[in-house]
There are 2 protein chains.
Amino acid sequence: MGKWKHRILFELQKNDVMRFNELKRAIPGITQKMLTAQLRELEHHDIVVRKVYAQIPPKVEYAMTEYGSSLHPLLAAMNDWGQKHAEHLKQLEEENSLKQTNA
Amino acid sequence: MGKWKHRILFELQKNDVMRFNELKRAIPGITQKMLTAQLRELEHHDIVVRKVYAQIPPKVEYAMTEYGSSLHPLLAAMNDWGQKHAEHLKQLEEENSLKQTNA
DNA sequence: CGGGATCCGATTCGATACTG
DNA sequence: CAGTATCGAATCGGATCCCG
């Protein structure tokens, strides 16, 4: 499936409309190949719209569809939990460090 | 990440406590390798507990931790949306078929 | 019963180079 | 600017065999 979809959608939700390189900058670590591939999938699933301006230099805008917007609560919840999970993982690691120190 | 985690957690949520083969039967298509691997990950992330009974034949029970239970609303939402998404995909396919028929 | 170990093909992904 | 094309590395995942 790809781990980036969440991030892409989360960014598109915050910013409404974004250009390709704008998305790329907003998501550190993603390659243009991945970004393209996942955007194509999202577009194919009618979650994202791709709007091409016939001009030079090229301009392509991405935004969520109305259907895609129905994901909003889910995305928000996932993001919340993701943050908690990150903290939780940190705590787990610290506990493991302590055990090793005491052993 | 693995596509099975959601299913595993969903089953564990419904049934509270499940044995290995019980989970395997409940999730058609999963191999024991995948089930084992994902359960280990979930265990490592403190989302699932693994309880081993020292007896023959072996008995191992899996259940969600309290922390893992915090995923409940998220899992429910994901499941809901997953079903809607399936319907939506069917509609998209039908529309595409029509276009091809008319062309 | 509940796995672990291994082999192997399929798929994913990153890096890089090129293009209208 | 917004991609496409290609290659090789890494990971995923299924099949199979084995074990206490």
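Proteins come first, then strands; the chains are lettered A, B, ... in the order of their sequence lines, and each starts at number 1.
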Practice task
With DNA chain C as reference, determine whether M34(A) or E22(B) sits nearer its 5' end, using the nearest nucleotide of each.
Solution key: E22(B)
Completion exercise
To the nearest angstrom, the NZ-C1' distance between K59(A) and dG3(D) comes to 17 Å
Exercise for the section: Would you please confirm or rule out a distance under 4.0 Å between OP1 or OP2 of dA2(D) and any side-chain N or O of R25(A)? Expected result: no
Problem - dG3(C) OP1/OP2 closer than 4.0 Å to side-chain N/O of R50(B) - result: yes
Problem - Pairwise 5' ranking along DNA chain C for K33(A) and P57(A), keeping only the more 5' one - result: K33(A)
Exercise for the section: Round to a whole Å and report the spacing from CD of Q38(B) to P of dG3(C). Expected result: 14 Å
Exercise for the section: Respond yes when some side-chain nitrogen or oxygen of R19(A) is under 4.0 Å from OP1 or OP2 of dC1(D), and no when none is. Expected result: no
Handout entry: Phosphate-side-chain proximity, Y62(A) and dC1(D), N/O vs OP1/OP2 below 4.0 Å
Key = no
Exercise for the section: Please state how far atom CE in M18(A) lies from atom P in dC1(D), giving the value in whole angstrom units. Expected result: 14 Å
Exercise for the section: On the 0 to 90° scale, with breaks at 30° and 60°, tag the H85(B)-Y67(A) ring pair as parallel, tilted or perpendicular. Expected result: parallel
Practice task
Report yes if at least one side-chain N or O of T36(A) is closer than 4.0 Å to OP1 or OP2 of dG3(D); otherwise report no.
Solution key: no
Practice task
Mind calculating the distance between CD (Q55(B)) and P (dG3(C)) to the nearest angstrom?
Solution key: 13 Å
Exercise for the section: Take atom NZ of K51(B) as the centre, draw a 6.0 Å sphere, and report whether it contains more than 12 heavy atoms from other residues, nucleotides or ligands. Expected result: no
Handout entry: From M78(A) atom CE to L71(B) atom CG, the distance as rounded to the nearest 0.5 Å
Key = 10.0 Å
Fill in the blank from the handout: When rounded to whole Å, the CD to P distance for the pair Q32(B) and dT16(D) reads 11 Å
Handout entry: Sub-4.5 Å side-chain heavy-atom contact between R40(B) and T36(B)
Key = yes
Handout entry: K51(B) NZ to dC1(C) C1', straight-line distance once rounded to whole Å
Key = 18 Å
Problem - Between P of dT12(C) and NZ of K3(A), the distance in whole Å - result: 13 Å
Handout entry: Rounded interatomic separation in angstrom, taking CD from E61(B) and C1' from dG3(C)
Key = 16 Å
Problem - Crowding at CD, E66(B) (>12 non-hydrogen neighbours, <6.0 Å) - result: no
